[in-house]
Number of protein chains: 2
Amino acid sequence: MSDNHNSAGAWAKKYHLASRTMIERILRPYDLGSTQWYVLYQLAHQGPTPQRDFLALLQIEKPTLSDVVSALVRKGFVEQTPDPKDQRQRILALTETGRGLWETLPDPIALILSIAFDGVDSDTLDLVATVLRNATERLNNYAPEGNET
Amino acid sequence: MSDNHNSAGAWAKKYHLASRTMIERILRPYDLGSTQWYVLYQLAHQGPTPQRDFLALLQIEKPTLSDVVSALVRKGFVEQTPDPKDQRQRILALTETGRGLWETLPDPIALILSIAFDGVDSDTLDLVATVLRNATERLNNYAPEGNET
DNA sequence: GACATATAGTTCGCTACCGAACATATTTGG
DNA sequence: CCAAATATGTTCGGTAGCGAACTATATGTC
């Protein structure tokens with residue numbers, strides 16, 4: 001991205017890209033992207049879920065979610081139905097096809113983690129996570145507006 | 001991406017997204033994206049450069065670079081001319097407009113780093129960078145093929 | 001010199017991500 | 001009860017990223 005002249009920042013990006021590329025390589029035969037996988041993961045484990053809940057779950061914005069969902073609907077893996085209680089909301093659920101697919105899927109995350117962080121002790125991993133979590137929070141708190149008061 | 005159930009992996013992604021979002025917020029008034037910024041950075045500091053060199057510099061693939069370059073050419077910030085020595089290669093250089101723009105640009109990376117990692121001591125930052133660098137290398141080495149022997 | 005191979009870029013089609021603007025539906029305030 | 005505000009989703013247009021397939025140019029090799 002540019003951040004060649006720093007270290008942690010640049011490597012966070014590169015790590016992210018490498019893992020995303022790998023997840024997508026694993027998922028390609030199944031016609032799924034990384035974010036699509038996570039939507040299926042949620043639906044398989046938690047059952048039907050309002051679409052809006054995925055915003056916080058995936059930490060993405062509405063247009064991104066809208067795209068991901070419509071890809072899954074187009075492929076026939078997910079069903080999107082209006083909530084009778086609130087006509088604004090949509091409930092997402094696995095279709096039969098989607099559930100069938102899920103059964104055959106590998107867990108790409110487990111694979112990535114075992115390759116990427118094998119042999120790193122958990123204290124170190126916790127430290128890394130903490131530094132990055134704090135960095136993320138600072139960026140997100142700063143970004144929204146420049147104003148506080 | 002999914003990696004909600006791990007720690008360092010998930011936060012590397014979230015940090016990356018937060019910083020990219022912020023860089024793009026800073027650059028939006030100038031009609032530039034994060035990767036586009038880095039191309040200008042290189043050209044401003046190193047002068048005209050063969051397009052192919054940016055593949056290693058930015059660690060991106062050819063189609064991505066092709067897109068970024070054509071966006072910059074379209075906007076009139078960069079000039080793409082064939083290398084007389086080798087008709088396959090293209091040389092990239094700043095236009096007058098591009099150089100003019102560059103002078104007025106803030107350095108988004110410095111801003112990000114100061115916000116994100118302010119107060120973190122450099123030993124810790126080095127450790128984070130090392131863990132992520134190793135993770136990236138393992139992923140990249142594993143990915144290309146599954147075969148060794 | 002001719003043919004095979006390697007290199008540089010582009011194009012196509014896709015995922016993933018965002019902000020802005022929009023349509024609807026619900027909730028709140030007067 | 002009705003107008004204003006809020007919440008949910010979609011659409012549009014953009015950046016950033018990839019693999020596969022393609023063109024054109026160079027470089028071997030026989």
Comparing nearest nucleotides in DNA chain C, the 5'-proximal residue of the pair B:I91, A:E61 is B:I91

For residues 41-57 of chain A, the salt bridge (charged side-chain N to carboxylate O under 4.0 Å, His left out) pairs (sequence neighbours left out) are none

Residue pair B:Q51, B:Q89: steps toward the side-chain hydrogen bond (donor to acceptor under 3.5 Å, both in side chains) verdict: CA-CA 7 Å; B:Q51 181 166 328; B:Q89 288 187 220; over 6 Å; no

For residues 72-79 of chain A, which side-chain N or O atoms pair as donor and acceptor with protein atoms under 3.5 Å away, sequence neighbours left out?
unit_1, atom_1, unit_2, atom_2, d
A:K75, NZ, A:D31, O, 2.9
A:K75, NZ, A:Q36, OE1, 2.7

- prompt: Does the pair A:E24 and A:R20 meet the rule for a salt bridge (charged side-chain N to carboxylate O under 4.0 Å, His left out), with working shown?
  reply: CA-CA 6 Å; A:E24 285 172 357; A:R20 190 160 76 106; 3.7 Å; yes

To the nearest angstrom, the CZ-P distance between A:R28 and C:dT15 comes to 11 Å

On DNA chain D, more 5' by nearest nucleotide between A:L65 and B:D83 is A:L65

Between CD of B:Q36 and C1' of D:dA16 the distance, given in whole Å, is 9 Å

Letter by letter from the 5' end, nucleotides 1-6 of chain D scores (B base, S sugar-phosphate only, - none; protein heavy atoms under 4.0 Å) ------

Assign each of A:K62 and A:K85 the nucleotide of DNA chain C bearing its closest heavy atom; nearer the 5' end lies the nucleotide of A:K62

Ordered by number, residues from residues 43-55 of chain B within less than 4.0 Å of DNA chain D (heavy atoms) are none

- [ ] Give a yes or no answer on whether the side chain of A:R138 reaches the backbone of B:A116 with a donor-acceptor pair at less than 3.5 Å.
- [x] yes

A:R20 atom CZ is separated from D:dG19 atom C1', nearest whole Å, by 13 Å

Where do A:R88 and A:D86 land on the salt bridge (charged side-chain N to carboxylate O under 4.0 Å, His left out) test, with the steps shown first?
-> CA-CA 5 Å; A:R88 290 172 304 187; A:D86 182 341; 2.9 Å; yes

Item to complete: May I ask you to decide if A:P82's main-chain N or O and A:R90's side chain share a donor-acceptor pair within less than 3.5 Å?
Response: no

Looking only at C:dC17, D:dA26, D:dG17, the nucleotide nearest the B:I60 side chain is D:dG17

Closest to the side chain of A:S34, out of C:dA16, C:dC17, D:dG17, is C:dA16

Out of C:dC17, C:dA8, C:dG19, minimum distance to the side chain of B:Q89 belongs to C:dA8

Cluster question for you: counting only ILVMFWY and a side-chain heavy-atom cut-off of under 4.5 Å, with indirect links fine, are B:L32 and B:I26 together? yes

Of B:V68 and B:Q87, the one whose closest nucleotide on DNA chain D sits nearer the 5' end is B:V68

Contacts satisfying salt bridge (charged side-chain N to carboxylate O under 4.0 Å, His left out) that involve residues 58-71 of chain A (not counting sequence neighbours) are none

Using a 3.5 Å distance criterion without hydrogens, assess whether the side chain of B:T35 forms a donor-acceptor pair with backbone atoms of B:G33.
no

Whole-Å distance, A:L92 CG to D:dT8 P, equals 14 Å

inquiry  = Taking 4.0 Å as the cut-off, does a side-chain nitrogen or oxygen of B:T64 come that near to OP1 or OP2 on D:dC18?
reply    = yes

Here the gap from B:W102 atom CH2 to B:L40 atom CG, rounded to the nearest 0.5 Å, amounts to 6.0 Å

To the nearest angstrom, the CG-P distance between B:L58 and D:dA16 comes to 10 Å

note: B:M22, atom CE; C:dC18, atom P; distance rounded to Å ~ 15 Å

From CA spacing to verdict: side-chain contact (heavy atoms from CB on, under 4.5 Å), B:V69, B:V39
CA-CA 8 Å; B:V69 170; B:V39 172; 5.6 Å; no

From CD1 of A:I23 across to C1' of D:dC18 the rounded distance in Å is 14 Å

- Message: So, does B:S70 get its side chain near the phosphate of C:dT10, meaning an N or O under 4.0 Å from OP1 or OP2?
- Response: no

Exercise. Do other residues, nucleotides or ligands put more than 12 heavy atoms under 6.0 Å from the CD atom of A:E103?
Worked result: yes

- Do the side-chain N or O atoms of A:S66 get closer than 4.0 angstrom to the phosphate oxygens (OP1, OP2) of D:dT11? no

Between CD of A:E24 and P of D:dG19 the distance, given in whole Å, is 10 Å

(message) Classify A:D67 by what it touches in the nucleic acid, base, sugar-phosphate, or nothing, heavy-atom distance under 4.0 Å.
(response) base

What residues 71-82 of chain A contributes to the DNA chain D interface at heavy-atom separation below 4.0 Å is A:Q80

